Amino acid sequence: MPELPEVETVVRGLRVSLPGRTILDVRLGKADFIDDPGLLADSLPGKRIAEVIRLGKFICVVLEPEKKISGPEGSSDGRLNFIVHLGMTGQLTVKGAGDPVTLHTHCFFALDDGQEIRYRDIRRFGRMLVVPESGMGEFLGNLGREPLEIGAEEFQKEFSSRRARVKALLLDQRVLRGVGNIYADESLFRARLHPARIAASLTKKQLLALHRAVLEVLEEAIRFRGSSISDYVDSKGKRGTFQQQHRVYQRKGKPCFRCRGKIRRVIVAGRSSYFCPRCQPAPRGRKK
Ligand SMILES: [Zn+2]
């Protein structure tokens with residue numbers, strides 16, 4: 001599933017080609033992952049793309065209000081946000097309108113320069129919606145802090161008060177937005193913390209180490225243009241390479257890079273968790 005580094009990589013790619021372009025036409029195939037397909041198809045044509053930003057794991061294409069040629073300045077349309085979540089297998093790419101179309105491509109957004117934005121999603125667990133600027137407060141209210149921006153002290157405060165497993169907290173999008181299973185496991189390994197530790201039982205030093213590990217792992221993964229585990233590709237259709245840097249994720253039975261012990265897999269918070277039992281000792285009274 002694309003997480004923060006993958007989505008950031010897609011957003012950086014889209015930022016090269018989209019701002020300044022106008023969406024001319026929307027064509028939809030299967031649309032069961034779109035909140036309101038009619039609204040999407042009606043409201044996007046004619047809109048000019050102002051910028052592309054990332055909100056956690058969401059891609060947000062900000063559309064300028066339509067310029068009324070004869071009307072007065074600032075006729076009350078307001079900005080629209082075209083928001084895409086890639087789900088498990090979503091791909092948002094920019095292609096030439098004449099480029100071959102791959103199977104499972106469900107949406108086409110024609111641009112005024114002969115290119116088009118395409119959305120492909122094999123499993124269709126993605127999501128697409130249009131949110132007016134006035135609705136963004138509510139939309140963002142459901143999302144936690146941005147992991148690349150939260151300060152060390154705030155991170156420590158956020159985690160130290162909670163009696164939840166540290167892995168579950170890292171995955172909780174209402175606490176931090178954008179961290180998923182890969183980067184939670186990789187961060188916990190670097191911070192030498194067992195995924196089943198209770199956050200409130202960790203020392204300040206351990207929480208500060210975890211904060212640093214989350215930042216380092218995410219920034220490094222962005223430099224490697226994300227991890228391509230299954231279908232993830234960037235906005236040009238290229239795969240990322242951070243999967244070659246994983247130290248624990250999906251390395252069950254392989255030697256730990258630090259101690260040569262065997263990496264193990266357990267279920268924590270309902271999710272597979274990869275860790276090194278020697279480098280990340282289990283909480284007291286809990287052997288597995
Ligand atoms: Zn180890």
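Fair warning: this is a prediction, and the values are worked out from it, not measured in the lab.
By the criterion of side-chain heavy atoms lying less than 4.5 angstrom apart, applied directly or through intervening Ile, Leu, Val, Met, Phe, Trp or Tyr residues, Val10 is grouped together with Val52 in one hydrophobic cluster. In the hydrophobic cluster analysis, where Ile, Leu, Val, Met, Phe, Trp and Tyr join through side-chain heavy atoms closer than 4.5 angstrom, Phe125 is grouped apart from Leu129. Cluster membership for Ile23 and Val61, using ILVMFWY side-chain heavy atoms within less than 4.5 angstrom, is shared. Note: the hydrophobic cluster containing Phe58 does not contain Val130 (ILVMFWY, side chain heavy atoms under 4.5 Å, direct or indirect links). Val62 is not connected to Phe82 by any chain of hydrophobic side-chain contacts under 4.5 Å among Ile, Leu, Val, Met, Phe, Trp and Tyr, and they are in different clusters.
Distance CG/Leu4 to NZ/Lys57: 9.0 Å, rounded to 0.5 Å. For the atom pair Leu143 CG and Leu55 CG, the distance stands at 7.0 Å (nearest 0.5 Å). Annotation: the span from Arg190 atom CZ to Arg212 atom CZ amounts to 12.0 Å, rounded to 0.5 Å. Atom-to-atom distance recorded for Lys95:NZ and Ser235:OG is 10.0 Å, nearest 0.5 angstrom. Taking OG of Ser273 as the start and CG of Asp185 as the end, the distance is 5.0 Å to the nearest 0.5 Å. Note that CZ of Arg123 is 9.0 Å distant from CG of Asp231, once rounded to the nearest 0.5 Å.
The closest donor-acceptor contact from the side chain of Glu186 to the backbone of Val248 lies under 3.5 Å. With Glu6 contributing its side chain and Tyr232 its backbone, the two residues share no donor-acceptor pair below 3.5 Å. Thr89 places no side-chain N or O within donor-acceptor distance of the main-chain N or O of Asp121, the cut-off being under 3.5 Å. Judged by distance alone, with hydrogens and angles left aside, the side-chain atoms of Gln173 form a donor-acceptor pair with the main-chain N or O of Gly178 at under 3.5 Å. No side-chain donor-acceptor contact under 3.5 Å links Glu64 to the backbone of Ala50. Between the side chain of His246 and the backbone N or O of Arg251, no donor-acceptor pair lies under 3.5 Å.
Exactly one of Arg225, Arg239, Arg12 qualifies for a side chain to side chain donor-acceptor pair (under 3.5 Å) with Asp234. That residue is Arg225. Among Val101, Thr102, Leu92, the single residue meeting the side-chain contact (heavy atoms from CB on, under 4.5 Å) criterion with Arg120 is Thr102.
Note on Arg177 versus Glu146: salt bridge recorded, some NZ/NE/NH1/NH2 to OD/OE distance being below 4.0 Å. Under the 4.0 Å criterion applied to side-chain N and carboxylate O atoms, Glu154 and Arg145 are assigned as salt-bridge partners. Contact check on Glu153 versus Lys204 returns a salt bridge, with a Lys/Arg side-chain nitrogen under 4.0 Å from an Asp/Glu carboxylate oxygen. Between Glu219 and Arg223 no salt bridge is recorded (no basic side-chain N to carboxylate O distance below 4.0 Å). A salt bridge links Arg174 and Asp172; the closest N-O separation between the charged side-chain nitrogens and carboxylate oxygens is under 4.0 Å.
When every heavy atom of Gln91 is checked against every heavy atom of Leu86, the shortest pair comes out as N-CD2, 4.1 Å. Taking each heavy atom of Leu28 and Ala41 in turn, the nearest pair found is CD1-CB, 4.4 Å. The two atoms that bring Arg192 and Pro281 nearest to each other are O-CD, 4.4 Å, heavy atoms only. Of all heavy-atom pairs spanning Leu207 and Ala199, the tightest one is CD1-O, 4.4 Å. Of all the heavy atoms in Arg278 and Gly261, the pair that sits closest is NH2-CA, 3.6 Å. When all heavy atoms of Cys276 and Cys259 are compared, the closest pair comes out as SG-SG, 3.5 Å.
When side chains are defined from C-beta on, Ser17 does not count as touching Leu111, because their heavy atoms never get closer than 4.5 Å. Between Pro147 and Leu218 the shortest side-chain heavy-atom distance falls below 4.5 Å. In this structure, the side chains of Glu158 and Gln156 stay at 4.5 Å or more apart for every pair of heavy atoms. Residues Val16 and Val94 fail the side-chain proximity criterion, which asks for heavy atoms closer than 4.5 Å. At a threshold of 4.5 Å between non-hydrogen side-chain atoms, the residues Lys167 and Asn181 count as touching. Side-chain contact check for Pro283 versus Ser201: every heavy-atom pair is 4.5 Å or farther apart. Residues Arg165 and Ile198 are in side-chain contact: their nearest non-hydrogen atoms beyond the backbone lie under 4.5 Å apart. Arg21 is not listed as a side-chain neighbour of Phe109, based on a closest heavy-atom distance of 4.5 Å or more.
Taking the centre and axis of the six-membered ring of Phe108, the NZ or CZ atom of Arg27 falls inside the cone set by 45° and 6.0 Å. Geometric assessment of Arg258 against the ring of Phe189 yields a positive cation-pi assignment under the 6.0 Å and 45° thresholds.
Using a 30° and 60° split on the angle between ring planes, Tyr119 and Phe33 fall in the tilted class, from 30° to 60°. Note on ring orientation: taking the six-membered ring where Trp is involved, the planes of His194 and Phe275 are perpendicular (angle over 60°, cut-offs 30° and 60°). Classification of the Phe224-Phe242 ring pair by plane angle, with boundaries at 30° and 60°, yields tilted. Using cut-offs of 30° and 60° on the angle between ring planes, the pair Phe155 and His211 is tilted.
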Under the criterion side chain to side chain contact (heavy atoms under 4.5 Å, CB included), I'd like the reasoning laid out for Gln206 against Leu193: C-alpha separation, chi angles, the key distance, then a yes or no. CA-CA 8 Å; Gln206 286 174 318; Leu193 294 173; 3.8 Å; yes
CA sep, side-chain torsions, deciding dist, call: Leu148, Arg54, side chain to side chain contact (heavy atoms under 4.5 Å, CB included): CA-CA 12 Å; Leu148 296 180; Arg54 181 183 55 75; 3.8 Å; yes
Side chain to side chain contact (heavy atoms under 4.5 Å, CB included) evaluation trace for Ile182 with Gln250: CA-CA 9 Å; Ile182 300 173; Gln250 288 188 344; over 6 Å; no
Going through the checks in order, is the side chain to side chain contact (heavy atoms under 4.5 Å, CB included) test met by Asn81 and Leu63? CA-CA 6 Å; Asn81 298 278; Leu63 303 167; over 6 Å; no
